[in-house]
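Comments concern the structure below.
Chain letters run A, B, ... following the sequence lines, proteins first, then strands; residues in each count from 1. These numbers were taken from a predicted model, which means no experiment stands behind them.
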Amino acid sequence: MTVIEDSTPLQQNHLPDEIIDRESEREQLQKAPTDQNLHIHGPRGTGKTHLIKKYVEDIDGKACYISCLEHDTQYKILQQLVSQLTHDSIQTGHHTSELQRKIEEHTDVLDFTVVLDELDFLLLNDGDDLLYFLSRLNNPPRIITITANTEDLKQQIEPRTYSSLHPRRIQFEPYTGQQIYEILADRASKTLKPKSLHRNAATYIASSTQNAELALTWLRTAAQHADEAVTEELVQEIREDAYNLHIEKHLEKLSQHHRNLYQAIQELSKEKGPVVNAGSIYQRYQKITEERGREPLSNRRTSDYLKQLEELNLIKAEYHYGGEKGKTREVRLTDQADNI
DNA sequence: TATCCACCGGAAAAGGAGGACT
DNA sequence: AGTCCTCCTTTTCCGGTGGATA
């Protein structure tokens, strides 16, 4: 016995045609002049990527969507751009300027949009070289940047880049409990048998998180476990599972080393309390990695990886520059109490 | 006043994969 | 096939941080 009628709309990457409660943002997006660059900022799970992907579908063919989580250097993004524009794949080994020239050939004759999602991961590695290059072309493409951590691009990039980019900012606020409730109810109506999502269950989820992605993962997990209906008890029962699944989904996109690091923090915070410092994390990470028969990365390298986990909001870190604790950072896991 | 803590984070360098040319 | 180029990933090196302690 299952409560699921049509599992498609429940799946992780499903993009429903209608977006709930993002009317004003959608309007801002559609009404912005097409030569105006945009910077979209908002916490995770507020529908930024979702809305942009729909937008890209609407103006089909004229936009390149690139996630800087996967393509985190200027070079990789240039490769992506060239291969999307020319429809064939580019290997490594080329000169950056050669790729830039190819892109320039396209911009000269074609107006198109470049969407850079998760921009923080590019800025972390390569700074703003790519943004500078794109914005200073003769006939620059329209640039839409999306980030969860950089509210104001001006703080993060060179003044000369900012002045040629000069993006209009579109801010996504966290969903309210009411909105999360509506999203859940809507999704349930499309996927579950009638009346199988209890009102209290949806209310419980909606009062626990403002992150729509997490809320939907939660609903999905509950629906898969449900016999007759998704009840409040069931939703409470699987709370932990749903959250872990949500985390796993993010970690999947990263490397085994990231996962080992995360596990190290998990273990340590279970043993010694929630706050752990970077040194002990590294030691535990080494142990875990060696036990799996792999060579651990250097301390310096994992320091960068920790930063990436932080950017993804999987951990929180507090930096100390000197003082009684020396120069270090204290790390703890982001948990549901943080209302992500 | 010198030294210590504990590790951050920038810079440089090493090693590797792939392309272009001879 | 060999050489030289490119960029990517990772390591190595090291200066720096500011209160606590001797």
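Going from atom CG of A/Leu99 over to atom C1' of B/dG18 covers 13 Å, rounded to whole Å. Rounded to an integer number of Å, the gap from A/His95 NE2 to B/dC21 P is 13 Å. Rounded to whole Å, the distance from OH on A/Tyr285 to P on B/dC7 is 16 Å. C/dT6 atom P lies 16 Å from atom CD of A/Gln79, rounded to whole Å.
Listed nucleotides C/dC7, B/dC8, B/dG19 differ in distance to A/Ala278; the shortest reach to its side chain belongs to B/dC8.
Residues passing the ring pair (Phe, Tyr, Trp, His ring centres under 6.0 Å) test with A/Tyr282, sequence neighbours excluded: A/Tyr285. Residues forming a ring pair (Phe, Tyr, Trp, His ring centres under 6.0 Å) with A/His250 (at least two apart in sequence, or on another chain): A/His246. Residues satisfying the side-chain contact (heavy atoms from CB on, under 4.5 Å) test with A/Lys154, not counting sequence neighbours, are A/Asp152, A/Tyr162. Listed by chain and number, the residues in a salt bridge (charged side-chain N to carboxylate O under 4.0 Å, His left out) with A/Glu173 amount to none (sequence neighbours excluded). Here A/Phe172 pairs with nothing under the ring pair (Phe, Tyr, Trp, His ring centres under 6.0 Å) rule; sequence neighbours left out. Contacts of A/Lys102 classified as salt bridge (charged side-chain N to carboxylate O under 4.0 Å, His left out), with partners at least two apart in sequence or in another chain: A/Glu98. Every residue meeting the salt bridge (charged side-chain N to carboxylate O under 4.0 Å, His left out) condition with A/Lys249, not counting sequence neighbours, appears here in chain and number order: A/Glu213. Under the salt bridge (charged side-chain N to carboxylate O under 4.0 Å, His left out) criterion, A/Arg101 pairs with A/Glu105, not counting sequence neighbours.
Within 4.0 Å (heavy atoms only), A/Tyr282 reaches no atom of the nucleic acid at all.
Both key distances under 3.5 Å define a Watson-Crick or G-U pair, and stretches of 3 or more such consecutive pairs in DNA chain C run B:1-22 with C:1-22.
Phosphate contact (OP1/OP2 of B/dC7, side-chain N/O of A/Ser303, threshold under 4.0 Å): absent. OP1 or OP2 of B/dC8 has at least one side-chain nitrogen or oxygen of A/Arg329 nearer than 4.0 Å. Proximity of A/Asn277 to the phosphate of B/dC7: a side-chain N or O atom is located under 4.0 Å from OP1 or OP2.
With salt bridges taken as basic N to acidic carboxylate O contacts below 4.0 Å, none links A/Lys54 and A/Asp58.
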Show the distances under 3.5 angstrom between N or O atoms of the protein and N or O atoms of nucleotides 8-12 of chain C.
from, atom 1, to, atom 2, distance (Å)
C/dC8, OP1, A/Thr73, OG1, 2.8
C/dT9, OP1, A/Lys76, NZ, 2.8
C/dT10, OP2, A/Arg301, NE, 3.2
C/dT10, OP2, A/Arg301, NH2, 2.8
C/dT10, OP2, A/Tyr305, OH, 3.0
C/dT11, OP1, A/Ser298, N, 3.2
C/dT11, OP2, A/Ser298, N, 2.6
C/dT11, OP2, A/Ser298, OG, 2.8

So if I define the base as every atom that isn't primed, P, OP1 or OP2, how would nucleotides 16-22 of chain C read as a B/S/- string at a heavy-atom cutoff under 4.0 Å? BBBSS--
Could you tabulate the donor-acceptor pairs under 3.5 Å formed by side-chain atoms of residues 108-117 of chain A, not counting sequence neighbours?
from, atom 1, to, atom 2, distance (Å)
A/Asp111, OD1, A/Asn139, ND2, 3.2
A/Asp117, OD2, A/Thr49, OG1, 2.8
A/Asp117, OD2, A/Tyr65, OH, 2.5

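Between the side chain of A/Ser255 and the backbone N or O of A/His258, at least one donor-acceptor pair lies under 3.5 Å.
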